Amino acid sequence: MDEKYFAKKIEDKWQTKWRESGAFEVEETDAKPKFYQLEMLPYPSGNLHMGHVRNYSVGDALAWYKRLKGFNVLHPIGWDSFGQPAEDAAIKRGVNPREWTEENIEHMRGQLQRLGLGYDWRREMAAHRPDYYKFDQWFFLKMYEMGLAYKKRTQVNWCEHDQAVLSNEQASGGLCWRCGNPVTKKDLEQWFLKTTAYADQLLDDMAEIEAGWAEKVLKRQRDWIGRSEGAFVDFKVAQTDEKIRVFTTRIDTIYGANAIVVAAEHRIVEHHFARFSDETKAVIEKIRAEKLKVTDHEAEIEKEGVDTGLKAINPFSGEELPVWIGNYVMIEYGTGAVMSVPAHDERDFEFAKKYGLPIRQVISEPQLAHEHSQMQVLELEQAFTDYGVLVHSDYWNGKPSEGAKKEMTEYAVKHGFGEAATTYRLRDWGISRQRFWGSPIPIVYCEKCGVVPEKYENLPVLLPDDVAITGTGESPLARVPEFVNANCPDCGEPARRETDTMDTFVDSCWYYFRYLDNQNPELPFAPERAAYWTPVDQYIGGDDHAVMHLIYTRFWTKAMRDIGLVKFDEPVKRLLTQGMVIGETFFDVIPNEDDPESKGKRVYYPPANVTVERDAKGKIVSARSADGKELQTAVERMSKSKGNGVDPDEMVEIYGADAARIFVLFAAPVENELVWNEAGIEGAVRFLQRVWRFVHKWVVSERWSAVGGRPEPSEFSAEARKLRQKTHQTIRRIEESFESLQFNTPVAALMELSNALYDFRVEPEAATDADVYAVREAVESLVLMLAPFAPHAAEELYAQLAGNENGMLANEARFPEYRAELAKADEIEIPVQVNGKLRARVLASPDASNEDLERLALADAKVAEHTSGKQIAKVIVVPKRLVNIVVK
RNA sequence: GCUUGGGUGGCGGAAUAGGUAGACGCACAGGACUUAAAAUCCUGUGUCCUUCGGGGCGUGCGGGUUCGAUUCCCGCCCUAAGCACCA
């Protein structure tokens, strides 16, 4: 055994041994309980970043822990390898996207292996390979049969910069999620998956996973689905036979309606457009144009509208109401029309104030209801949006408004002008992309037969390999005649193939099921495989996927259940969302000049080329580039383009994979952001070296192997008993940490145990049998518990302790056994307070009675100083914890 | 604006069925070893006062409950993230 720890030497060795022995390869077995440990798969951009290192270090630690605890642990990895960067590389550099992707995977697989991550590599999948995307297409056909996949012409979110269609999620805030440029609208025929069919299940099944998912993720999903219960109410348009249907959650306020407000795109506007005045038309055009623009998050949008001159009849009161067009009514939500009740809705209030529309209160605080019902006009300072008691509402006067909702809805139903309704914010998922690098949608358009799904036996619809990709306009596939020209699967006549490909979020919906059975040529996976391994026990990834990926995959699971592939509703039992890894960035902003393309853009400088001045607290005072330019600074997500990325390979080279992994876990709790700062990593190296040196000192001594058998309890010195106590307390603490998904505290606990070994100042030569036994117990436990954090060092030390390399931690070791009787101290220190202030500490047996503790405390000299001359009013004794003496 | 987290040393962070605040690490300072440096080991490190025995203050701010509050309650301030006209 080397006297010093050399990461490089042992890491290569154990990585090879693990690979050759298939240490992390698992099969289904009833001999052990299963555990499916999953981390979000990487996009093969070419390089791992620190976020990956963090994510996968956490996952591997947990996989190791569960393995040590006797579970049959499945821990796979794969590649989310369809997507835009490959296509961008093809456009910019003329490379073949498949080759580019394969090369990146090759390199990144090496990076993962050099980190010593324990994956079952036989199960690897990659989305861009035909044996995978074949089943994207298989699922599409199933969903088509089930009516879950359909085509419609719609306005889609369109990013001009990326020449791509975006989902609502990807275009949220009016900016492209990828490039940050404004999103516009465009009319296109698109394929959709009917996520709304499962809207209620997506909400209600959250009860099944509540315990294992962070509330903030569930909340975002709940908001995203946005179910709201209310009613549709039809308002007749006077002097026509038309109706305007509105959606409201507050039908109880209907007597307070002062207008009907519709979106500029509403059917009724279209219908009467020709008869509107030029002024009205101008307002409508303006509102429509504004909607195509970017929504600026900061600025509150000024309410705008115009009276159409049309009148609608309130079906409850018979009152005639003006029909307005308002920019605050959205065509996409509800019916695109609302009844405006300014007294009880803030938006309507604002609108009514601006245009001088009447504001009539019809809901009142219960205690004021009588008074209000006597008054004709009620001036309101602001909208009253709470429930209360109805006033000025005919028959309904005096009724509590919350209960009246149900009755009034029933009334509307009975009289044929309304119905109960539930609406959702969630929209169906548009999956068509005018892109090359994705799964082709398996549909053929035949002149005779129409839209025809490809036959299962013809899957996969293969992506051609040799295509010039220019990045302009329609799908590159449309320009490949060999691809486009197909025969109709039904009639066999020449037909045209769909040239859109699927959103890459389709791939990540079910990839973790493919790991279970990645060679299956017939099915995405065999149901019996899924029955053994899934649901996933623990999923780990960034919370940036809280709504997109994690909603889509829940939707997909429900569809798979209905197809008959799985028997559960929810695919992931526990979800851990890790914080981002961020770092300081330095940049210069291009001033507003003629070129609109680059105006306001940031030009990043790598930190290595920046001279930074800091104040005493480490805050940056100024930063200058090499050529003397004053730079701005920020703390942002680490990435190559911002120049603040850290290369994992470099870290492994300098410090070793084990130290890098320990550091990334130790530096901050997983959920927190991790501000990258290399200073601390040396501490991780030092810790490993300390453990190493200690083990070395004892292993090479003659006493180490000369002693066997467990000594009698009486043979242990007080110090040795203390060491054993620390050992068993540490075992307990580390178990608890893992169970509660903490990774920084168990590292601290291991460091403490290692410090306790150094504090045990008995040299091997002078050690009694009992001393050697206590040290051995501590060291063996330490090494086993080190495995999840620093597996290479742990394997090497384990072999050193055994004196041979016949066994491996990876497949034979068990977590050390916690023994409560040893964790218990002989003597404990009890703090003694006088009037809540700490004044002394007394030593006592852990079994001491309250009376004993009180007597000990009062007998203490320091305590006496603070109590002398005063009257003892009360003594509080908390068993095993503290004594507090209250004096007057 | 709404919602949800979070404010603890120079820094990352420990500790909450209410019970020794600051574990562990980083950084810093002093010492040992060395011709010297690195590495290592030892000591110190919230803050103020001190006759060196100790003592006062201290977990964003102000109140409250309690023998005792970082922890519970009320009211503020700051901050991060998410949502943003969803009727």
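Note that these values count all heavy atoms, side chains included, but never hydrogens, waters or copies made by symmetry. Values in this document were obtained by computation on a predicted structure and should not be read as measured data. By convention in this document, chain letters (A, B, ...) are assigned in the order of the sequence lines, proteins followed by strands, and residues within each chain are numbered from 1.
For the pair A:Asn744 CG and B:G13 C1', the interatomic distance rounds to 7 Å; values are reported in whole Å. Atom CD1 in A:Ile828 sits roughly 13 Å away from atom P in B:U20 (whole-Å rounding). Atom-to-atom, CG of A:Leu218 to P of B:G5 comes out at 13 Å; the value is rounded to the nearest Å. Taking atom CZ on A:Arg881 and atom P on B:A21, their separation rounds to 12 Å, with Å as the unit. Whole-Å rounding puts the A:Trp324 CH2 to B:A87 C1' distance at 18 Å. As a whole-Å value, the separation of A:Lys219 NZ from B:G5 P is 10 Å. Whole-Å rounding puts the A:Asp543 CG to B:U4 C1' distance at 12 Å.
Distance from the side chain of A:Arg425 is smallest to B:C83 among B:A87, B:G25, B:C83.
Pairing partner, B:G1: B:C83, with both Watson-Crick or wobble hydrogen-bond distances short of 3.5 Å. Base pairing annotation: B:C61 forms a Watson-Crick or G-U wobble pair with B:G75, both donor-acceptor distances under 3.5 Å. B:G44 is paired with B:C28 under the criterion used here, namely a Watson-Crick or G-U wobble arrangement in which both key atom distances are under 3.5 Å.
Using a 4.0 Å heavy-atom criterion, one finds that A:Val329 contacts the bases of the nucleic acid, with or without backbone contacts as well. Within the nucleic acid shown, A:Glu671 has no heavy atom closer than 4.0 Å to any nucleic acid atom. Among the protein residues, A:Asp223 comes within range of no part of the nucleic acid, since none of its heavy atoms lies under 4.0 Å from any strand. Residue contacts shown for A:Arg841 include a base, since a base heavy atom lies under 4.0 Å away.
The same atom, C1', is picked in B:A37 and in B:U47; the two are 36 Å apart, to the nearest Å.
Taking 4.0 Å as the cut-off between side-chain N and carboxylate O, A:Arg250 and A:Asp345 do not count as a salt-bridged pair.
The residue among A:Gly336 and A:Ala748 whose nearest nucleotide of RNA chain B is located toward the 5' end is A:Ala748. Residue-to-nucleotide proximity on RNA chain B shows that, of A:Val886 and A:Arg690, the 5′-proximal contact is made by A:Arg690.
Taking syn as a glycosidic angle within 90° of 0, B:G30 does not qualify and is anti. In this structure, B:G46 shows a glycosidic angle more than 90 degrees from zero, which is the anti conformation.
Looking only at atom types and distance, the side chain of A:Asp348 has a donor-acceptor partner in the side chain of A:Tyr328 under 3.5 Å away.
Other residues, nucleotides and ligands place no more than 12 heavy atoms under 6.0 Å from the NZ atom of A:Lys722.
Two rings, from A:Phe417 and A:Phe316, have their centers less than 6.0 Å apart. Here A:Trp676 and A:Phe663 bring their ring centres to under 6.0 angstrom of each other.
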